[in-house]
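Written below as structure tokens is the structure these notes are about.
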Number of protein chains: 2
Amino acid sequence: MAGAQPNARSRLVDAAIESFAAKGFHGTTTRDIASAAGMSPAAVYVHHKSKEELLYLISKEGHERTLRLVEDGIASSADPVAQLRAVMHAFAAHHARGHTGARIVNYELAALNDEHLAEISEYRRAIERRMRDVVTAGVTAGVFATSNPRMTALALLSLGIDVARWYRDEGDWSPEDIGDHYCELALRMVGAASP
Amino acid sequence: MAGAQPNARSRLVDAAIESFAAKGFHGTTTRDIASAAGMSPAAVYVHHKSKEELLYLISKEGHERTLRLVEDGIASSADPVAQLRAVMHAFAAHHARGHTGARIVNYELAALNDEHLAEISEYRRAIERRMRDVVTAGVTAGVFATSNPRMTALALLSLGIDVARWYRDEGDWSPEDIGDHYCELALRMVGAASP
DNA sequence: GCTGCACGGCTAAGCGCTTGCTTAGTGGTA
DNA sequence: TACCACTAAGCAAGCGCTTAGCCGTGCAGC
């Protein structure tokens with residue numbers, strides 16, 4: 001019936017993101033994904049090896065983007081205060097704007113197979129390390145003051161990640177609003193000197 | 001073979017908590033639950049109406065406990081600073097200690113049916129209202145200072161909830177450690193005067 | 001104190017359906 | 001004619017849940 005669609009593969013990925021985010025990996029059937037992409041169930045397997053690999057693809061892409069975003073924030077300045085501001089703003093706004101994908105990235109790790117999970121965990125450790133480094137750099141420089149830099153760094157990421165859980169597009173706040181306020185919260189959490 | 005077990009019903013609930021937390025509601029089969037409780041698949045339906053109702057039971061119990069915990073923290077004092085300290089300590093420590101159940105409470109809402117979800121959502125709104133009231137009371141009293149009390153209150157709950165996602169029993173920190181540090185973070189987030 | 005039997009917790013077996021995925025083939029393009 | 005994107009049909013396995021019946025227990029009648 002339909003001829004070749006040049007973007008069928010990515011349409012399937014988009015459909016999978018929508019479905020996994022709404023119903024979870026195990027709550028989504030390959031038929032859900034196919035019909036959300038406007039194709040027959042078999043089309044999924046023309047373009048992708050398995051349902052799990054589709055999840056891995058989404059998870060990997062999402063983690064890469066998040067790591068890049070954190071690294072860009074750090075690279076934007078040599079000052080820990082400015083770094084934290086940049087990272088937290090981008091991180092929180094991203095988890096609001098991209099909450100659909102971010103839900104999969106953060107809440108469907110257990111559905112990955114062992115090999116894929118090991119690879120994805122590496123990204124997560126890298127992200128945590130980057131944030132920890134920003135906080136400890138600020139403490140060392142005397143511009144931050146916190147009794148437990150490691151837990152504080154984890155809490156900063158945790159706070160940003162959880163935005164993906166509660167954020168709604170129809171809500172009162174834009175991703176930008178959230179980025180702004182979370183910036184203020186982050187600076188307070190690390191005990192940065194008041195402006 | 002086996003005789004009557006007086007606690008079979010609650011053993012099935014415990015098994016469901018373990019299974020749902022580890023593999024998610026849709027990733028868990030009724031056979032998983034039964035065998036984790038040391039029973040045959042049919043035993044689940046002797047004591048519970050359906051798999052969904054088992055989830056509802058766990059979710060309701062968990063939400064009740066969380067709401068009570070927040071209310072107890074507020075009732076412990078008339079001072080917003082002391083109230084926030086009590087609530088945040090209990091809330092964060094609870095999400096660490098009870099991370100297994102808390103994961104179901106916070107991440108499996110979408111698997112509830114419409115009627116059950118409506119009931120559970122009422123609990124969540126009540127919890128949010130309580131936290132918002134503490135923050136606004138502090139702002140009104142002049143002991144807290146934040147540019148967006150509503151978002152700050154949501155962030156406080158969000159921070160506590162996400163503990164359930166990342167906390168591991170084998171980690172370096174006890175629930176008490178987390179309660180202590182999250183207290184400090186919370187007071188900073190609301191802009192409480194330094195001690 | 002013993003027997004017979006109703007009761008209720010639990011299981012073996014399996015029903016109808018859905019799952020992830022495969023196979024064989026169709027139809028448009030070059 | 002060869003190719004490629006895609007589908008119709010369906011397979012084996014696993015799903016939530018039901019049914020029929022077993023077995024240990026407790027109690028009425030003797």
Side-chain angles (χ1 to χ4, degrees), chain A residues 1-59 104 108-117, chain B residues 1-59 104 108-117:
Chain A
M1 198 159 288
Q5 299 256 9
N7 54 345
R9 188 182 147 91
S10 70
R11 261 170 55 225
L12 282 164
V13 173
D14 290 344
I17 291 175
E18 217 58 52
S19 301
F20 289 164
K23 304 190 275 185
F25 177 78
H26 290 297
T28 298
T29 69
T30 56
R31 286 162 180 81
D32 289 338
I33 297 168
S35 78
M39 299 175 180
S40 82
V44 172
Y45 296 89
V46 172
H47 296 281
H48 300 283
K49 225 176 81 185
S50 68
K51 183 178 139 185
E52 191 273 344
E53 183 146 294
L54 213 30
L55 172 65
Y56 164 67
L57 216 73
I58 294 164
S59 193
I104 301 165
E108 299 295 342
L109 294 169
L112 291 165
N113 69 32
D114 290 350
E115 192 184 343
H116 288 158
L117 178 58
Chain B
M1 200 159 286
Q5 297 255 12
N7 53 345
R9 188 182 147 91
S10 70
R11 263 169 55 226
L12 282 164
V13 172
D14 290 346
I17 291 175
E18 218 60 52
S19 301
F20 289 163
K23 303 189 275 184
F25 177 79
H26 290 296
T28 298
T29 70
T30 56
R31 287 162 179 80
D32 289 338
I33 297 168
S35 80
M39 300 176 180
S40 82
V44 173
Y45 295 88
V46 172
H47 297 282
H48 299 284
K49 227 175 79 183
S50 69
K51 186 178 138 185
E52 191 273 344
E53 183 147 293
L54 214 31
L55 172 65
Y56 164 67
L57 217 72
I58 295 165
S59 193
I104 302 165
E108 299 294 343
L109 294 170
L112 291 165
N113 68 33
D114 290 349
E115 193 184 343
H116 289 158
L117 178 60

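Both backbone and side-chain heavy atoms feed into the values below; hydrogens, waters and symmetry mates do not.
Rounded to whole Å, atom C1' of dC17(D) lies 15 Å from atom CG of Leu12(B). Rounded to a whole Å, the CG atom of Asp32(B) is 8 Å from the P atom of dG16(D). Arg11(A) has its CZ atom 7 Å from the P atom of dC6(D), to the nearest Å. Atom CD1 in Ile33(B) sits about 12 Å away from atom C1' in dC17(D), given to the nearest Å. As rounded to whole Å, 19 Å separates atom P of dT19(C) from atom CD of Glu52(A). If you measure from atom NZ of Lys49(A) to atom P of dG20(C), you get 17 Å, rounded to the nearest angstrom.
Residues Ala36(B) and Ala15(B) share a closest heavy-atom pair of CB-CB, 3.7 Å. Nearest approach of Arg31(B) to Pro41(B), heavy atoms of both residues: CG-CG, 3.8 Å.
Contact of Arg31(B) with dG14(D) (side chain to base): no donor-acceptor pair of N or O atoms is detected under 3.5 Å.
When each of dG20(C), dC17(D), dC6(D) is scored by its nearest atom to the side-chain atoms of Val46(A), the top-ranked nucleotide is dC6(D). Closest to the Lys51(B) side chain, of the nucleotides dC17(D), dC21(C), dA8(D), is dC17(D). Among dC10(C), dT23(C), dC15(D), the nucleotide with an atom closest to any side-chain atom of Thr29(B) is dC15(D). In this structure, the nucleotide among dC10(C), dC15(D), dC21(C) sitting nearest to the side chain of His47(B) is dC10(C).
Contact annotation: His48(A) side-chain N/O to dC21(C) OP1/OP2 distance is not under 4.0 Å. Tyr45(A) has a side-chain polar atom (N or O) that falls below the 4.0 Å cut-off from OP1 or OP2 of dC21(C). For dC10(C), the OP1/OP2 oxygens have no side-chain nitrogen or oxygen of Ser40(B) closer than 4.0 Å.
Leu109(A) contributes atom CG, which lies 13.5 Å from atom NE2 of His116(A) (distance to the nearest 0.5 angstrom). Summarising the geometry, atom CD1 belonging to Ile104(A) is positioned 8.5 Å from atom CD belonging to Glu18(A); distances are rounded to the nearest 0.5 Å.
Formation of a donor-acceptor pair under 3.5 Å by the Asp14(B) side chain with backbone atoms of Arg11(B) is not found in this model.
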